[in-house]
Visitor: 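I have a structure I would like to understand better, so I am pasting it below and will then ask my questions one at a time.
All of these numbers come straight from a predicted model, not from anything done at the bench. Heavy atoms only: backbone and side chains are in, while hydrogens, waters and symmetry mates are out.
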Amino acid sequence: MNPEKITVKDGELQIPDNPIIPFIEGDGIGPDITSASMHVWNAAVERVYGGKCRIEWKEIYAGEKAFEKIGSYLPDKTVDAIREHIVSIKGPLTTPVGGGFRSLNVSLRQILDLYACVRPVSWIKGVPSPVHHPEKLDVVIFRENTEDVYAGIEWVQGSEEAAKIINFIKDEMGKEIRPDSGIGIKPISVTGTKRLVRKAIRHAIDNNRSSVTIVHKGNIMKYTEGAFKIWGYELALDEFRDQVITEAELWDQVMADDGVTPVTKEGAYASLRGGKPAGDPNGRIVIKDRIADQTFQQVLLRPDEYDVMAMPNLNGDYLSDACAAQVGGLGLAPGANIGDYTALFEATHGTAPKYRGMDKVNPGSLLLSGVMMLEYLGWKEAAQAIRAALERTILERTVTYDLARQLEGVQPVKTSEFAKAIVANLP
């Protein structure tokens, strides 16, 4: 079976039975969790497809290992390989805080135009949680990946460039900024907004989800995040009119004076939550919006009212981590950066360098990112098998230290031992 590249034909991914998939091992704990996860991915594909499918792994370099081998933290060959092979996966990469080189994660997203950070968040049975009903949270967050304050357009306090911007804004726009300020610019575009919301709505349609919530701070930042909301609705109604209904339209239908009261309509709508209908009885995707700070409260108090969520970059960064905390933390939070076709799946946590080489940490984030990757390939049976085996392993209380310390009387296993237990539980 000769390995083949994934290709795109007529707007569709063409997945061979033996795709070449580049991987970046990552820094810190990267080698430990990559090795463990790869053991599970390979075993699941072999078990489910009986040798008819197989991933041909191709190692590429970024971060500390790349610098040691090549002299660059992000070699051009690495970027080219990700672009050429379309689907890839990586462990965590080091980025200094407050100085040094720019975030490699952000650089990869922007260089490759991977504009959608996709973060599914749902609870796995047996995982300790700080909330009473973690099972109620089942969301997929679509975070815009290339704009907002993450665009990297900023100037240090006291610099000539910062002074020019401050003076320009004062002289030309009549707005005062303290002269000892650092300056950053927050761009949010029609293009960036609409392609992100388009991908979120398509995901909702393809996966039988009930709603897409646009999360924004448009009550304060009216021409950036407020515009994100407006453009999101425009995209939904222009491109998906027959498949969506806005929350306002749905509420108007419920309250229409047609001789049927909202109370008697309640059965058709499943429930009326917060005085508004929870879903469309005709199966259309409900498009709604929420203020960002309100959303942080509601994903705790009324998590089952949310399904797919689309938001600008910074909101998505905060909210995805806050949601992950409800279902066990970043150690079990998968993620992917996806463009029109190119997809880079990744662990969502940091490198945890103090645990480097200790065979200790939970590989769950990278493992489940690989599950997302298998789903992206169309290998859903293998993806489902891994998730089922992971859940069974946790329910058996065979867990790494991060979960063991939250479970009474449980002794932790090593990263590699956790992976072997998952493989043993594959259906």
Visitor: Is it true that a side-chain atom of Gln110 and a backbone atom of Tyr150 form a donor plus acceptor pair closer than 3.5 Å?
Guide: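 A pair under 3.5 Å: yes.
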Visitor: Can you name the residues that form a salt bridge (Lys or Arg N to Asp or Glu O under 4.0 Å) with Lys52, not counting sequence neighbours?
Guide: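 If we apply the salt bridge (Lys or Arg N to Asp or Glu O under 4.0 Å) test to Lys52, skipping adjacent residues, there are no hits.
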Visitor: Measuring from Tyr341:OH to Ile86:CD1, what's the distance to the nearest 0.5 Å?
Guide: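 The OH atom of Tyr341 sits 9.5 Å away from the CD1 atom of Ile86.
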Visitor: Can you tell if the side chain of Thr400 reaches within under 4.5 Å of the side chain of Pro412, non-hydrogen atoms only?
Guide: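 No - every pair of side-chain heavy atoms lies 4.5 Å or more apart.
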Visitor: Taking Pro31's backbone N and O only, do any of them form a donor-acceptor pair with Ser35's side chain (distance below 3.5 Å, no angle check)?
Guide: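 No; zero donor-acceptor contacts below 3.5 Å.
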Visitor: When rounded to the nearest 0.5 angstrom, what distance separates CG in Asp113 from CD1 in Ile338?
Guide: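 Asp113 atom CG to Ile338 atom CD1 measures 13.0 Å (nearest 0.5 Å).
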Visitor: Side chain to side chain donor-acceptor pair (under 3.5 Å) with Asp321: which residues, sequence neighbours excluded?
Guide: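 Partners of Asp321 by the side chain to side chain donor-acceptor pair (under 3.5 Å) criterion, ordered by chain and then number, come out as Arg119.
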Visitor: Please determine if Lys360 forms a cation-pi arrangement with Tyr355, meaning its NZ or CZ atom is less than 6.0 Å from the six-membered ring centre and no more than 45° off the ring axis.
Guide: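 Pair Lys360/Tyr355 does not count as cation-pi.
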Visitor: Output side-chain donor-acceptor pairs under 3.5 Å for residues 380-387, partner residues at least two apart or in another chain, one line each.
Guide:
{"residue": "Glu381", "atom": "OE1", "partner": "Tyr49", "partner atom": "OH", "Å": "2.7"}
{"residue": "Arg387", "atom": "NH2", "partner": "Ser122", "partner atom": "OG", "Å": "2.9"}

Visitor: Could you tell me whether the side chain of Leu108 reaches within less than 4.5 Å of the side chain of Leu74, counting heavy atoms only?
Guide: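 Leu74 reaches Leu108 side chain to side chain.
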Visitor: If every non-hydrogen atom of Thr348 is compared with every non-hydrogen atom of Leu330, which pair is closest and at what distance?
Guide: OG1-O, 3.8 Å
Visitor: Set out, in order, the CA-CA distance, both residues' side-chain angles and the distance that settles side-chain contact (heavy atoms from CB on, under 4.5 Å) for Val327 and Leu332, then state yes or no.
Guide: CA-CA 8 Å; Val327 299; Leu332 287 167; over 6 Å; no
Visitor: Hey, are Asp80 and Lys77 close enough for a salt bridge, meaning a charged N less than 4.0 Å from a carboxylate O?
Guide: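 Salt bridge absent between Asp80 and Lys77.
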Visitor: Between His349 and Ile33, is a side-chain contact (heavy atoms from CB on, under 4.5 Å) present by the stated rule, with each step listed?
Guide: CA-CA 12 Å; His349 53 68; Ile33 63 173; 3.7 Å; yes
Visitor: Consider only side-chain N and O atoms of Glu144 and Asn315, and report whether a donor and an acceptor are under 3.5 Å apart.
Guide: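 Glu144 vs Asn315: no donor-acceptor pair found between side chains.
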Visitor: Considering only heavy atoms from C-beta outward, does the side chain of Lys5 approach that of His85 to under 4.5 Å?
Guide: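 Sidechains of His85 and Lys5: in contact.
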Visitor: Are side-chain N/O atoms of Asp307 and Ser210 paired as donor and acceptor at under 3.5 Å?
Guide: yes
Visitor: Who passes ring-ring contact (aromatic ring centres under 6.0 Å, His included) against Tyr318, sequence neighbours left out?
Guide: none
Visitor: Could you give me the CA-CA distance, side-chain angles and deciding distance for Tyr115 and Asp340, then say whether side-chain hydrogen bond (donor to acceptor under 3.5 Å, both in side chains) is met?
Guide: CA-CA 8 Å; Tyr115 54 82; Asp340 289 338; 2.7 Å; yes
Visitor: Under a 4.5 Å cut-off applied to non-hydrogen side-chain atoms, are Arg209 and Val140 in contact?
Guide: yes
Visitor: Tell me, yes or no, whether the heavy-atom count around Lys186 atom NZ, taken from other residues, nucleotides or ligands under 6.0 Å, exceeds 12.
Guide: yes
Visitor: Measuring from Leu368:CG to Leu374:CG, what's the distance to the nearest 0.5 Å?
Guide: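 Between Leu368 CG and Leu374 CG, I get 11.0 Å after rounding to 0.5 Å.
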Visitor: Would a distance-only check, ignoring hydrogens and angles, find a side-chain to backbone donor-acceptor pair under 3.5 Å from Asp359 to Ser416?
Guide: yes
Visitor: Between Ile188 and Glu225, is a side-chain contact (heavy atoms from CB on, under 4.5 Å) present by the stated rule, with each step listed?
Guide: CA-CA 7 Å; Ile188 290 183; Glu225 301 212 8; 4.1 Å; yes
Visitor: For residues 10-36, which residue pairs pass the salt bridge (Lys or Arg N to Asp or Glu O under 4.0 Å) check, not counting sequence neighbours?
Guide: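 Found Glu25-Lys65.
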Visitor: Report yes if the side chains of Val399 and Arg405 come closer than 4.5 Å at any heavy-atom pair, otherwise no.
Guide: no
Visitor: Check Val45 against Cys53 and note the closest heavy-atom contact, atom names and distance.
Guide: CG1-O, 3.3 Å
Visitor: Do Thr34 and Leu366 have side chains that approach each other closer than 4.5 Å (heavy atoms only, starting at C-beta)?
Guide: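 Yes, at least one pair of side-chain atoms sits under 4.5 Å.
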Visitor: In terms of side-chain heavy atoms, does His216 have a donor or acceptor partner in Asp289 at a distance below 3.5 Å?
Guide: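 Indeed, the side chains of His216 and Asp289 share at least one donor-acceptor pair under 3.5 Å.
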Visitor: Rounded to the nearest 0.5 Å, what's the gap from OG1 on Thr78 to CD1 on Ile111? Could you check?
Guide: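 If we round to the nearest 0.5 Å, Thr78:OG1 and Ile111:CD1 are 10.5 Å apart.
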Visitor: Which heavy atom of Ser37 sits nearest a heavy atom of Leu367, and at what distance?
Guide: OG-N, 3.4 Å
Visitor: Closest approach of Cys323 and Leu137, non-hydrogen atoms and distance?
Guide: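 It is O-CD2, 3.5 Å.
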Visitor: Output, in order, the C-alpha distance, side-chain angles, deciding distance and verdict of side-chain contact (heavy atoms from CB on, under 4.5 Å) for Met311 and Arg290.
Guide: CA-CA 10 Å; Met311 61 201 73; Arg290 296 290 185 271; over 6 Å; no
Visitor: Any donor-acceptor pair under 3.5 Å linking the side chain of Ser129 with the backbone of Gln326?
Guide: yes
Visitor: Please check if atom CG in Asp206 has more than 12 non-hydrogen atoms from other residues, nucleotides or ligands closer than 6.0 Å.
Guide: yes
Visitor: Does any part of the side chain of Val215, heavy atoms only, come nearer than 4.5 Å to the side chain of Met309, both counted from C-beta?
Guide: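 Touching, per the 4.5 Å side-chain cut-off.
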Visitor: Looking at Lys194, Lys229, Arg241, which hits salt bridge (charged side-chain N to carboxylate O under 4.0 Å, His left out) with Glu234?
Guide: Lys194
Visitor: Heavy-atom count check: over 12 atoms from other residues, nucleotides or ligands less than 6.0 Å from Lys420 NZ?
Guide: no
Visitor: Between the main-chain N or O of Ile287 and the side-chain N or O of Ser211, is there a donor-acceptor pair closer than 3.5 Å?
Guide: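 No, Ser211 side chain to Ile287 backbone: no donor-acceptor pair under 3.5 Å.
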Visitor: For a quick test of reading the model, state the closest non-hydrogen atom pair linking Ala336 to Met372 and the distance between them.
Guide: CB-CE, 3.8 Å
Visitor: Do the charged groups of Glu46 and Arg54 touch, with an N to O distance under 4.0 Å?
Guide: no
Visitor: Yes or no on side-chain hydrogen bond (donor to acceptor under 3.5 Å, both in side chains) for Asn425 and Glu391, after CA distance, side-chain angles and deciding distance?
Guide: CA-CA 9 Å; Asn425 281 327; Glu391 182 175 282; over 6 Å; no
Visitor: Contact between Pro334 and Pro120 at the side-chain level, heavy atoms closer than 4.5 Å - yes or no?
Guide: yes
Visitor: What's the spacing between Asn145 CG and Asn337 CG if we round to 0.5 Å?
Guide: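 Interatomic distance, Asn145 CG to Asn337 CG, rounded to 0.5 Å: 4.5 Å.
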Visitor: Does Arg198 have any salt bridge (Lys or Arg N to Asp or Glu O under 4.0 Å) partners at least two apart in sequence or in another chain, and if so, which?
Guide: Glu239
Visitor: Between Lys288 and Glu305, does any side-chain N to carboxylate O distance fall below 4.0 Å?
Guide: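 No, Lys288 and Glu305 are not salt-bridged.
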Visitor: Are Tyr376 and Phe345 an aromatic pair, judged by ring center distance below 6.0 Å?
Guide: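 Yes: the rings meet the under 6.0 Å criterion.
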Visitor: Checking the side chain of Lys199 only, and the main-chain atoms of Gly339 only, is there a donor and an acceptor separated by less than 3.5 Å?
Guide: yes
Visitor: Would Trp57 and Trp41 count as a close aromatic pair, with their ring centres under 6.0 Å?
Guide: yes
Visitor: How close do Ser369 and Ile89 get, heavy atom to heavy atom, and via which atoms?
Guide: C-CD1, 4.1 Å
Visitor: For a quick check under 3.5 Å, do Arg143 and Asn313 share a side-chain donor-acceptor pair by atom type?
Guide: yes
